Amino acid sequence: MTHKPNYLPERLALLSDLNAAQYVTEGLLNGKEDVPAIALSKIVEPLPYDGARAALAPVRELVDDAMCEYRDEKPTKADAWLAPRLHATLRLNRREAADRRLWNFLALGVAPDYVVWRFLPEPNGKEKSGEAPKVAYRRFRGAHYTQAFARLWWMAELFRNGSDYRPVARACAIQDMINTVLRLDVIDHRPTAQAMVRLLDRGTVTTGREVNALAGAVNASAATLMYDVVAPDVERDGRPVQEWVEAAETAGPVPRRMLPEGPDEEQAPEGSVEALADYFTELLVDAPVRGRPATEDIGD
Amino acid sequence: MKAYPYRRLAGPVSLRVTAVELKVPGESREPLDTKAFSVVEQVVALGGTGFDDWESARLKLSATIPSKATAPDSGWSDVSVVAVLTEKATNARTVVPLESTTESGREWTGFLDVWRADHRDRASLSVHVVARADGVPGRVIATAQNEWIVDLSAEAPRRQRELDVVIAGFREGPQWRRPFREVPWIVDTSGDVAAVHVNTDFEGLTDLLSGSGSGVEGLVRDLLLAQMCTDVWTAVFHAAVGDLEVEEDGTPLFPHDWRGEVLREMLPDVMPGRPLEEALGEVHRRRTEAAGWIDLQPRIHFAATRRAEMPKALSTTIRGLDRLQQRADA
């Protein structure tokens, strides 16, 4: 298996797509090779910010803890634990998080062993003859909803309710929330994201297939219905995130047992979340769920 | 034509940015000069404001909608007009209601705050008319034809993007550039915007490019620039088509950033006569499957050459050389 890099710089850095590409080798994707850490450290670019947020060690320790905590379980289980904690450790604003170079660096310069541990499929007998299981390229370098670390950070950013990360942990427990829902534009509206988690809380939606059906129905309905008007959010205020970012200097390591606290933003209005949750429940009644017979007597 | 299960509002819906104010922490809002935004281009440029540490920008908005929307017999009720600012790269979405300012219900105004930390590159600003239709609240009954662009880094409000030009010696600087120290320029397509790197270690190149001579030098310079542009268009097309996100059923998606803009611009020349989505699917299929990619190369070359205005540059050079020759003969 791919090992932890034998050299870790003190500071996080940026790695451009062009430079990242040459390090995503077949051997790495197969989990058989390491990333040449020293060579990589010579081609990175510095972060545009400094201070506590730029320290590499807290991120690496967090990843180590995740792999240790979930060593005897399915690696997918680690997502719900890691997503809020990674978010609270990096303390980025969205402008910074939209820089793919940071995620490239985390995947190749900080924790390629985590990416392999998390995404190398178990051999299932379906491989073409002679082909070893391999990690998908997009886990190292890719869109915000596929890249190994970006997907966790954006799950936390889009599903947190103000400072409350509980909805994040809830959403990450079902992989289809990450694989399907995270890529939808509709969840950029906070009450919509919260309403989808609310259906998980209520037990209205329990399986991955139901999540996918819900995602399809919610997205289709958004083509003619403006959720922002029927279920308004509070006015956007950028200051709490700014203050949270600045507070990184005095914040210690994120708690491992309890959930950390996010930026002190106003929560999505409860009335809006409830109204949408009720509406989505109605949509789900008519939505086709894969594997569910299209008859009245569902449920058992 | 898309079908809607309710009646839509016909007629033009338009949006204008009428003023922009910047907020620097600890200070009051500062109105920006009108050259920071353009009604013709429909772009707000926040990069050349002279304030490095601005925190948010307040856009004053004005929308005009057909008066039918609020007519008593329209069949719609609870009509509202909302402005929506989105950016794919940051998943940002800000929605603000506008208020009706005239008796006729045609003019609506309001303001929207753009938080700098929520955006990276370019955000789109649109306006929608929303109403209760057939008893269902929140229906979108009309959307403005044109979106405004809020550009966080541009100094001038222009829709068309400019290339990033880096002028540097290739022997120094980033590792990836060093192997190219013998070539005059190289195109880097990995960043937020495509950049052309011009090699100052290539002797005489910077003088040639920066010169303003009208003789042979000027002709060569213009030809060189056209050649450079052709290279850039070819490179950005390949970069855009080579890094597509693909749906599970194999359908490729238009990228959100400049790669998407490049594809929308060039595909009509690469795959003429086809709708954009279909053209993208076909190009992707040809690139990833065994056959057809080679056949496409001349079309990509054609699209790039056209955009770089290479034929024009070459004819001008040839004619210019002829004239110089005639003058020398005389």
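Lettering of chains follows the sequences in order, A, B, ..., and the numbering in each one begins at 1. Computed from a predicted model, the values in this text were never measured in an experiment. Computation of the quantities below employed the complete heavy-atom set of this structure, encompassing side-chain atoms and omitting hydrogens, waters and symmetry-equivalent molecules.
- For A/Phe140 and A/Phe149, the distance between ring centers is not under 6.0 angstrom.
- The choice from A/Lys42, A/His144, A/Glu235 that makes the most heavy-atom pairs within less than 4.5 Å of chain B is A/His144.
- For the options B/Glu245, B/Glu87, B/Glu55, B/Lys88, heavy-atom pairs under 4.5 Å to chain A are most numerous at B/Glu245.
- Heavy atoms closer than 4.5 Å to chain A are found in the side chain of B/Val136, but not in its backbone.
- Residue B/Leu112 does not touch chain A at all, counting heavy-atom pairs closer than 4.5 Å.
- For chain B, the nearby part of A/Leu158 is the side chain; its heavy atoms alone come within less than 4.5 Å.
- Proximity to chain B (any heavy atom under 4.5 Å) is restricted, for A/Arg141, to the side chain, taken from C-beta onward.
- For A/Glu266, the CD atom is loosely surrounded, since the number of other residues' heavy atoms within 6.0 Å does not exceed 12.
- Only one option out of A/Val230, A/Val234, A/Leu276 pairs with A/Pro191 in a side chain to side chain contact (heavy atoms under 4.5 Å, CB included); it is A/Leu276.
- Side-chain contact between A/Leu225 and B/Val140: absent, with no pair of heavy atoms (C-beta onward) separated by less than 4.5 Å.
- Among A/Glu45, A/Gln22, A/Glu96, A/Arg183, the residue making the largest number of heavy-atom pairs under 4.5 Å with chain B is A/Arg183.
- For B/Asp188, the part lying near chain A is the side chain, with the backbone staying farther off; criterion is any non-hydrogen pair under 4.5 Å.
- The candidate with the highest count of non-hydrogen atom pairs below 4.5 Å against chain B, out of A/Asp17, A/Asp233, A/Val245, is A/Asp17.
- Listed for the A/Arg91 side chain is a donor-acceptor partner under 3.5 Å among the backbone atoms of A/Trp244.
- Checked by atom type and distance alone, the side chain of A/Tyr145 never pairs as donor or acceptor with a backbone atom of A/Val181 at under 3.5 Å.
- Outside the 6.0 Å centre-distance limit, the rings of B/His128 and B/Trp108 are not counted as a close aromatic pair.
- Side-chain atoms of A/Gln267 come within 3.5 Å of backbone atoms of A/Asn161 as a donor-acceptor pair (strictly under, hydrogens ignored).
- Interface check for chain A: of the options B/Asp118, B/Asp113, B/Val82, the most heavy-atom pairs under 4.5 Å are formed by B/Asp118.
- Neither the backbone nor the side chain of B/Ser56 comes within less than 4.5 Å of any heavy atom of chain A.
- For a residue to count as touching a neighbouring chain, one of its non-hydrogen atoms must lie under 4.5 Å from one of that chain's; by this rule A/Ala143 touches chain B with backbone and side chain alike.
- More than 12 non-hydrogen atoms from other residues, nucleotides or ligands lie less than 6.0 angstrom from CD of B/Gln145.
- Contacts of B/Leu253 with chain A are made by side-chain atoms alone, with heavy-atom separations under 4.5 Å and no backbone atom involved.
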